[in-house]
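Taking it in order: structure first as structure tokens, then the write-up.
These values consider heavy atoms only, across backbone and side chains, with no hydrogens, waters or symmetry-generated copies. Because the structure is predicted, anything quoted here is derived from the model rather than measured.
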2 protein chains.
Amino acid sequence: MNTDTKDLNTESEILNAAKRIFQQKGMDGARMQEIADEANINKSLLHYYYRSKQLLFEAVFRSAFSMLAPQLNAVMNDDSPLFDKIRNFTYNYISFVVKHPYLPNFIIQELNRNPEFVKNLVAEKHFPTIDKFKKQVEEQIALGSIRPIKAEQLFINIMALNMFPFLSAPLIKAFTKTDDVNFKQLIEARKTEVADFIINSIKI
Amino acid sequence: MNTDTKDLNTESEILNAAKRIFQQKGMDGARMQEIADEANINKSLLHYYYRSKQLLFEAVFRSAFSMLAPQLNAVMNDDSPLFDKIRNFTYNYISFVVKHPYLPNFIIQELNRNPEFVKNLVAEKHFPTIDKFKKQVEEQIALGSIRPIKAEQLFINIMALNMFPFLSAPLIKAFTKTDDVNFKQLIEARKTEVADFIINSIKI
DNA sequence: AATTTTGTTAACCATTTGGTTAAACTATAT
DNA sequence: ATATAGTTTAACCAAATGGTTAACAAAATT
């Protein structure tokens, strides 16, 4: 599946192939041979560059998480007013995930599978924190511009409304009887509607 | 892990063990030997009763889905007023999933893994449909009692707010720095808060 | 040009894993 | 008591799978 001028860089070619396979099939479902085929190289090369399946997987996971983290960070550490922030995040996040549809599911799935991962992540330097967002929410409540709500709950709600459709796409498609085209339109509409939904709920 | 009076019924004992293992580890991560150990029986018995891993898995999946389906059905096919329905669903669904925390993740994960599953499910007789809910939403909009919103979007939002915390528990715990006890309290509060959040958003 | 280092491959290997078989055991019917 | 049908187990098996090795090729270094 490599349409580049061939071997720009074997190592990154492997990582890209591994991303595609791991993100679709997960750690347990992925096969080293399959990744090698996807990268058009010999299986031994996987081990030459990444030693083991576990290490290759961790490289993929780190890379995936470091793509998602800045997106989530945008809800939390940003100086714009709360409503702007919600609108921007919703628009940007959905736009982002449309381009990387397997990402959220992959990360959530693997975090569920391996709770130790979480600990390692949180320990890292640039791991986002909710503190600033919390302060902002409490300020707005004190000012009387939004209804009282725990920042944690609002945060969960924002995440839920933005991420869920991508996690549960097959289920949602089945229940609402929408085909792929129709579903895409639903998602597209959510880029602005989700923010409206949230703001309508908390605005006084 | 069998504290019963031993072999009430080997077949159902196997199914229960398989549920526990499959729902924690997924189809790819589960091992037949592990299921046999969990059920305290010889591995051959798994094949004696269920022929293959695939068939055992399908039995587990069907059983899991038939537990979840009636819950979701409650949003869609029910004659109570819209706001009551949202409140009841939220309360009942969260109470239900607290008792079966692995269920939603398991179902969503396996539906993503195997898109054919969806087709089989939808084809089944008692598969829920959104039609009635849609009609009800449109009525309320016409009456001017709720803001205009596509029933599909409202449905997605209801599902998202209720299911998401269980799907992404490790991620949420990490971001909000809440331990298990704290997280349980957050979930408990959501039994009523989620419905308020939704109703506040759509009520005129 | 010679040689060391790095990259790549085919052939192998040990273990794991889903699945089978045939024998043994148990309970029930005859 | 004994044949019979259903249940359970230990021992096996073949394929799949992650990983290794040794030989070979291509750069890079001297």
- prompt: How far apart are the C-alpha atoms of A/Phe164 and B/Leu161, what are their side-chain angles, what is the distance that settles it, and do they pass the side chain to side chain contact (heavy atoms under 4.5 Å, CB included) test?
  reply: CA-CA 8 Å; A/Phe164 180 77; B/Leu161 291 167; over 6 Å; no
- prompt: Please walk me through it: do A/Phe127 and B/Phe175 pass ring pair (Phe, Tyr, Trp, His ring centres under 6.0 Å)?
  reply: CA-CA 8 Å; A/Phe127 191 80; B/Phe175 278 128; 5.2 Å; yes
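With distances taken from any side-chain atom of B/Ile41 to the nucleotides D/dT9, D/dT8, C/dT9, the minimum falls on D/dT9. The side chain of A/Arg31 lies closest to D/dT17, out of D/dT20, C/dT17, D/dT17. For A/Leu45, counting side-chain heavy atoms from C-beta on, the closest listed nucleotide (C/dG18, D/dT8, C/dT9) is C/dT9. Counting only heavy atoms from C-beta on, B/Tyr49 has its side chain closest to D/dT8 among D/dG19, D/dT8, C/dT9. Of the candidates C/dT9, C/dG18, D/dG19, D/dG19 carries the atom nearest the A/Met32 side chain, counting heavy atoms from C-beta on.
Applying the salt bridge (Lys or Arg N to Asp or Glu O under 4.0 Å) definition to pairs two or more places apart or across chains, those involving residues 160-173 of chain B are B/Lys173-B/Asp180.
No contact: B/Tyr50 has no heavy atom under 4.0 Å from any strand. Across all strands, B/Ala36 comes closer than 4.0 Å to no nucleic acid atom at all (heavy-atom distances). Contacts of A/Tyr48 with the nucleic acid, taken as non-hydrogen atoms under 4.0 Å apart, include base atoms.
Taking atom CG on B/Asn42 and atom P on C/dG18, their separation rounds to 14 Å, with Å as the unit. Counting to the nearest Å, the P atom of C/dG7 and the NE2 atom of A/His47 are 17 Å from each other. Atom C1' of nucleotide D/dA10 and atom CD of B/Gln33 are separated by 12 Å, given to the nearest angstrom. The interatomic distance linking A/Phe57 (CZ) with D/dG18 (P) rounds to 13 Å, in whole Å. Taking atom CD1 of residue B/Ile35 and atom C1' of nucleotide C/dT17, one finds them 12 Å apart after rounding to whole Å. Rounded to whole angstrom, the span from the CG atom of A/Asp28 across to the P atom of C/dT16 amounts to 16 Å. What separates CD of A/Glu13 from C1' of C/dT8 is a distance of 15 Å, to the nearest Å. Atom P of nucleotide D/dG6 and atom CD of B/Glu11 are separated by 14 Å, given to the nearest angstrom.
When each of B/Ser44 and A/Lys53 is assigned the nucleotide of DNA chain D bearing its nearest heavy atom, the one mapping closer to the 5' terminus is B/Ser44.
With A/Phe57 as the aromatic partner, A/Arg113 meets the cation-pi criteria of under 6.0 angstrom to the ring centre and within 45 degrees of the ring axis.
At D/dG19, none of the side-chain N or O atoms of A/Arg51 fall inside 4.0 Å of OP1 or OP2 (strictly under the cut-off). At least one side-chain nitrogen or oxygen of A/Thr10 sits closer than 4.0 Å to the OP1 or OP2 atom of C/dT8.
For C/dG19, its base sits under 3.5 Å from the side chain of B/Lys43 at one donor and acceptor pair at least.
By the salt bridge (Lys or Arg N to Asp or Glu O under 4.0 Å) test, B/Lys25 pairs with B/Glu34, sequence neighbours left out.
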